[in-house]
Amino acid sequence: MRIGAARPARPENRGRRGARVMGAPVLDYLIDDPALRERGPGEELAVAVARAAGGDAAVRVRRPLTTLFPLASTRPRPTVREQTKGGTVTGGPLRYVRELPAEGGGASGTAYRATPEAVFRAAAAKAELTEISVAVPVPAELTRDPALLARFVEHRVIVRLCTVENEVLLHGSGDGAITGLLNLDGLRRLDASGRPEAPGPMDGGALESLMAACAEVEETGGSCDGLVMHPALYWRLVGAGALPALDSAGLRITRTRMIARDRVLLGDFRAGVTLLDGEESALALRVRGDAATITASMPLGLAVHLPQHFVLLSL
């Protein structure tokens, strides 16, 4: 909702166009801010809580909440979402084309007709949105401090939703709308033969296994552009001095506890899948006596174009 006022613009509003009444400009002053042009999502909820005067409150914002974690811009820790390309779904299920490999496909030859993609089978598919959410209990007194509430939402609630998003994108959603990248029909699996089940110190053999898996991704015509691994493995790579080489190859690394310590998901993420967002996310606060619960939720979907462009490596 917007209201108009014929008075000089504040510095942050200068240049904003409006109608004219009796020759004077009418400037737009923001009351609700679902597009988050002036406020963050935590501030938007804090405003709604203040208006509710101790009651329940909810707001909807026109951004995926998992893209709004404020610390993400200051440190290099991409989520699974950031490995993919994305789009917004405004209606029902999204129709797209999925390509499936032929049975018994092997290594690529040196002519197009001898490549796996020469015999891929195209099929119509559809992707649906599901809802992901997280509920965080807080003391009711937090609701009486708007600045503290806003910071808690933006720094501690949204980051939890990011973890849930990583889990769903990797393992799938309970309603089956998202299969999960680790459960794809067509996912290829590699085993670093001769290595123990529990990974030990990073050595040349493990690095060689990673590089071989990157090459295996490209056997189906893709370009390996990303890896998803557990933080324990990531920091072993750091200690081994391997990150500059991976970075120079254009590989983006997602580290998350939502994958096993001895597994690495490699793939052509940008060609292989499209992450789907809805039009709005939601934040809500419910108060029950001395306790309250903050809930963050948003729609999410995944269109899988080329499942064979992904390899799960066991170290």
Side-chain angles (χ1 to χ4, degrees), residues 64-84 86 132-134 136 152 154-173 178 180-184 187-192 195-214 216-217 224-270 272-273 275 296 300 302 310-315:
L65 285 172
T66 53
T67 66
L68 299 174
F69 180 49
L71 300 183
S73 62
T74 63
R75 54 192 183 188
R77 190 171 183 177
T79 60
V80 177
R81 156 187 291 273
E82 293 174 84
Q83 296 277 9
T84 71
I132 64 171
S133 64
V134 65
V136 182
F152 184 81
E154 294 181 7
H155 285 81
R156 299 304 306 150
V157 176
I158 288 177
V159 72
R160 286 170 163 87
L161 190 62
C162 291
T163 301
V164 171
E165 182 181 80
N166 278 344
E167 176 192 356
V168 170
L169 291 175
L170 290 174
H171 297 282
S173 58
I178 297 176
L181 295 173
L182 296 175
N183 300 313
L184 293 178
L187 173 69
R188 291 178 289 151
R189 300 173 187 273
L190 288 180
D191 182 25
R195 294 190 58 79
E197 182 67 20
M202 180 60 65
D203 56 26
L207 289 173
E208 179 62 27
S209 296
L210 280 174
M211 298 303 97
C214 289
E216 185 63 28
V217 169
C224 188
D225 58 16
L227 297 83
V228 179
M229 62 182 64
H230 193 277
L233 178 56
Y234 173 86
W235 289 109
R236 286 166 55 212
L237 287 171
V238 172
L243 287 193
L246 297 176
D247 185 64
S248 67
L251 294 170
R252 175 174 287 189
I253 300 177
T254 292
R255 64 186 196 267
T256 173
R257 296 162 295 160
M258 301 299 103
I259 190 170
R261 291 171 180 264
D262 60 342
R263 299 291 188 270
V264 182
L265 179 68
L266 309 93
D268 187 339
F269 286 84
R270 288 170 180 80
V273 296
L275 185 140
L300 186 71
L302 192 69
F310 293 88
V311 169
L312 182 62
L313 174 66
S314 299
L315 289 173

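Excluded from the calculations below are hydrogen atoms, water molecules and symmetry mates; all remaining heavy atoms, backbone and side chain alike, are included.
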- Heavy-atom closest pair (Ala192 atom, Ser209 atom, distance to 0.1 Å) is CB-OG, 3.4 Å
- Task: Could you pull out the closest heavy-atom pair between Thr66 and Cys162, with the gap in Å?
- Result: O-SG, 3.7 Å
- Task: Check each of Leu313, Thr256, Leu237, Thr254 against Met229 using the side chain to side chain contact (heavy atoms under 4.5 Å, CB included) test, and report the only one that passes.
- Result: Leu237
- Message: Restricting to non-hydrogen atoms, name the atom on Phe69 and the atom on Glu154 that form the minimum distance, rounded to 0.1 Å.
- Response: CD1-O, 3.5 Å
- Start with the C-alpha distance between Ile132 and Ser173, add both sets of side-chain angles, then the distance that settles side-chain contact (heavy atoms from CB on, under 4.5 Å), and finish with yes or no. CA-CA 8 Å; Ile132 64 171; Ser173 58; over 6 Å; no
- Show your reasoning for whether side-chain contact (heavy atoms from CB on, under 4.5 Å) applies to Leu243 and Ile253. CA-CA 9 Å; Leu243 287 193; Ile253 300 177; 3.6 Å; yes
- Minimum side-chain heavy-atom gap Pro231-Arg257 below 4.5 Å: yes
- Taking C-beta and beyond as the side chain, do Cys224 and Asp268 meet within less than 4.5 Å on heavy atoms? no
- Could you tell me whether a side-chain N or O of Arg160 sits under 3.5 Å from a main-chain N or O of Arg156, the two making a donor and an acceptor? yes
- Message: Between Gln83 and Val80 (side chain of the first, backbone of the second, donor and acceptor by atom type, cut-off under 3.5 Å), is there such a pair?
- Response: no
- Item | Nearest-0.5 Å distance that lies between atom CG in Asn183 and atom CG in Leu170 | 9.5 Å
- Message: If you compare all heavy atoms of Ala232 against all heavy atoms of Arg261, which two are closest, and at what distance to 0.1 Å?
- Response: CB-NH1, 3.4 Å
- Main-chain N/O of Met258 paired with His171 side-chain donor or acceptor, under 3.5 Å: yes
- Which atom pair, heavy atoms only, marks the closest approach of Pro244 to Gly241? CD-O, 3.5 Å
- Query: Arg270: what forms a salt bridge (charged side-chain N to carboxylate O under 4.0 Å, His left out) with it, not counting sequence neighbours?
  - Reply: Asp225
- Query: Ignoring hydrogens and geometry, is there a side-chain-to-backbone donor-acceptor pair from Arg252 to Glu82 under 3.5 Å?
  - Reply: yes
- Answer yes or no: is there a donor N or O on one side and an acceptor on the other, between the side chain of Thr84 and the main chain of Phe269, under 3.5 Å? no
- Message: I want to check something: taking the side chain as every heavy atom from C-beta on, are Leu266 and Val228 in contact at a cut-off of under 4.5 Å?
- Response: no
- Begin with the C-alpha distance, continue with both residues' side-chain angles, and end with the deciding distance and a verdict on side chain to side chain donor-acceptor pair (under 3.5 Å) for Ser314 and Arg263. CA-CA 5 Å; Ser314 299; Arg263 299 291 188 270; 3.2 Å; yes
- Message: Side chains of Val217 and Phe310, heavy atoms from C-beta outward: is any pair under 4.5 Å?
- Response: no
- Note on the structure: Correct closest heavy-atom pair for Arg189 and Leu182 would be NH2-O, 3.7 Å
- Just how far is it from atom CZ of Arg255 to atom CG of Leu227, taken to the nearest 0.5 Å? 13.5 Å
- Hey, could you give me the CG/CG distance between Leu233 and Leu210, rounded to the nearest 0.5 Å? 6.5 Å
- Query: Any side-chain heavy-atom pair from Leu169 and Leu275 closer than 4.5 angstrom?
  - Reply: yes
- Task: Would you mind reporting whether Leu315 and Val264 have side-chain heavy atoms less than 4.5 Å apart?
- Result: yes
- Query: Under 4.5 Å between any side-chain heavy atoms of Leu300 and Arg81, yes or no?
  - Reply: yes
